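On a predicted model such as this, the values are computed, not experimentally measured, just so you know. Just the heavy atoms: all of them, side chains too, but no hydrogens, waters or symmetry mates, feed the values below.
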Amino acid sequence: MGAQKKGATARVSEDPEELARHPLQAILLADSFTTKFRPITLERPKVLLPLVNIPMINYTLAWLESAGVEEVFVFCCAHSKQVIDYLESSEWSSQPNFSVTTIESHNSISAGDALRLIYERNVIHGDFVLISGDTVSNMSLTQALQEHKDRRKKDANAIMTMVVKQSKPSPITQQSRLGTDELFMAINPVTKQLLYYEDKAEYSKGFISLDKTLIADNPSVILHNDKQDCYIDICSQEVLSLFTDNFDYQHLRRHFVKGLLVDDIMGYKIFTHEIHSSYAARIDNFRSYDTISKDIIQRWTYPFVPDVLCGSSAIKVERQGTYRASDVTLSRSAQLGSFTFIGQGTKIGNDTKISHSVIGERCTIGSNVTIEGSYIWNNVTIEDGCQLRNAIVCDGVILKSGAVLQPGVILSFKVVVGQEFVVPAYSKVSLLQQPTQQDSDEELEYADSTSGTGELRSDKLNGDIAPDLSETASELGTGGVGYIWTVFEGAYDEEWRHSVAPIPTDKLVKLMLDKDEDEELLTQDGNVISASRELKADSDGNGSEDDDNEDSRDDYVSFEKEVEATFLRAVHENVKVDLAVLEVNALR
């Protein structure tokens, strides 16, 4: 890994004095401070979950090293011991010219708490990269860093640069392909200054409220709904001190970014840097886990792909995007479909069909098994006749013969599914009982109770958490072991929106019908917005007929491009025809 990344190293400046002053530093948050990956993250930190059989944090560290970062401070909170142990035993502990230092906390419950603690340690000495350990990128930082430094020389209040890229949301679900909500950003097209940021717009209102001073103070503003926040930030030291001065800043975007945008007193400014041909995305939910896994397999993240990170001698890339470790035992009658990854030491039986899936190491898969669009981690046993579609199966799970996982199922560590038992769609199953509250800091309570491999340490468990596995058999069929978690009231929509499974056709149809009704009402009220359009302070709102015709031509060209992109994505991701037709109709 080291040789590949060293060759891609980028430097910020050719000025030797500037380079000697401060090495480029990064803060990597190894805690997401959310509950979106439960029940898995109750036992293992998110940054150590396998992404195409490689821990997520490895992609982030590999990119930071290639981008010229020399010092990384990894902030660990929930399951901190697992993260520290992993890093100390990995190659990252001994890379030349690239130091990785962990900062541990046992009581931080937000990114704001993390940055306040880092500020107290006084380890950041200049501009730094702020990133989370669930981010995959291959972009060069050179231009973005130089732009940030140049702006700082002219304006000391330019304290932050956010990396963004184009990503048009689905017109049906109003979500990006990563499963995140439609994002609205107002940007000055000349200076690239960020003026407005909203990721929780109230669509029912049919309009977005912008402060009139935003229009008055900027000769030109473009409101975008087609940008993706990559969650890669270039920050000046003032960012850390601002978190320390304001304890209301907890969430990086919801509190800090929005807080600065409406603060007229301090005058601090945030700018954007848009990437075009490079890749950058953060794993925010199970849908983005699925999307980014597919992007890695299809090599959009090159050189950060499995055969490069692990070595081409260990993994062979075959036709149709199939990856296979050198010691896989594959029956002659077994069929491997396109974009499939098979890990080291895995055995696959007769007449088994696997497609668009990732299989981990040392798995045993029986005969007549069907696996589609699923993620099977390490040491999993799948007996004869099982069917899995769009599921995640964690380490040590056993599926007894004839078991069926319906789309969207999550099986946490060492769960056992009984013979011929059907696990309902979107079920989350764990050896741990479901917490009674949805607090994001509960991972702290569980962190010392598990080893990260699914082994429960009963001496550390309290009565509310310790599983009575003798009571779970009826939940998962004969011989089954584990608890099926219930979906909290009002949270069912989030399950299918953020799932690894494609959104069901009936849900898409309902969304389209609801959208049509809303648009009719808004048209009657005269409240129709058009995002990603330029807003000018001195505009009188009257356009000529020529302008209208030109807009119509532009809209038609844009429509053709979107249809083409939708079609290509449907082919590459094996999207069902009826789902692709629905999306094209919505674009029309």
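Ion pair Arg177/Asp295 flagged as a salt bridge, since at least one NZ, NE, NH1 or NH2 atom sits closer than 4.0 Å to an Asp/Glu carboxylate oxygen. Classification of Asp233 and Arg253 as a salt-bridged pair holds, one side-chain N sitting under 4.0 Å from a carboxylate O. With salt bridges taken as basic N to acidic carboxylate O contacts below 4.0 Å, one links Asp85 and Lys81. The existence of a salt bridge linking Glu198 and Lys258 is confirmed by a sub-4.0 Å separation between a basic side-chain nitrogen and an acidic carboxylate oxygen. A salt bridge links Asp290 with Lys294: the distance from a Lys NZ or Arg NE/NH1/NH2 to an Asp or Glu carboxylate oxygen falls below 4.0 Å. Salt bridge Glu238/Arg152: present, at least one basic N to carboxylate O contact under 4.0 Å. Electrostatic pairing of Asp134 and Arg282 counts as a salt bridge here, judged by a charged N lying under 4.0 Å from a carboxylate O.
Contact check for Tyr197 versus Leu183: side-chain heavy atoms found under the 4.5 Å cut-off. The shortest distance between side-chain heavy atoms of Val164 and Met185 falls below 4.5 Å. Using a 4.5 Å heavy-atom threshold, the side chains of Val72 and Thr101 count as separate. At least one side-chain heavy atom of Ile27 sits under 4.5 Å from a side-chain heavy atom of Leu115. At a threshold of 4.5 Å between non-hydrogen side-chain atoms, the residues Ile187 and Val221 do not count as touching. Inter-residue side-chain proximity for Tyr59 and Thr135 is flagged as unmet; no heavy-atom pair is nearer than 4.5 Å.
Ring pair Phe73/Phe128: centre-to-centre distance not below 6.0 Å. For an aromatic pair to be called close, the ring centres must be under 6.0 Å apart, and Tyr196 with Phe184 fails this. Ring pair Trp92/Tyr86: centre-to-centre distance not below 6.0 Å.
Evaluated for a side-chain contact (heavy atoms from CB on, under 4.5 Å) with Phe304, the options Asn58, Ile54, Ile296, Leu309 yield exactly one hit, Leu309.
Taking the six-membered ring where tryptophan is involved, the planes of Phe37 and Tyr289 are perpendicular, since the angle between them exceeds 60° and thus also 30°.
Side chain of Glu71 to main chain of Ala26: no donor-acceptor pair is present (N/O by atom type, distance under 3.5 Å, no hydrogens or angles). Trp300 contributes no side-chain N or O that, together with a main-chain N or O of Tyr279, makes up a donor-acceptor pair within less than 3.5 Å.
The shortest heavy-atom contact between Leu195 and Asn188 is CD1-N, 4.0 Å.
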Worked verdict on His79 versus Thr41 for side-chain hydrogen bond (donor to acceptor under 3.5 Å, both in side chains): CA-CA 9 Å; His79 304 291; Thr41 50; over 6 Å; no

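Every residue was checked against the side chain to side chain donor-acceptor pair (under 3.5 Å) condition with Thr272, not counting sequence neighbours, and none meets it.
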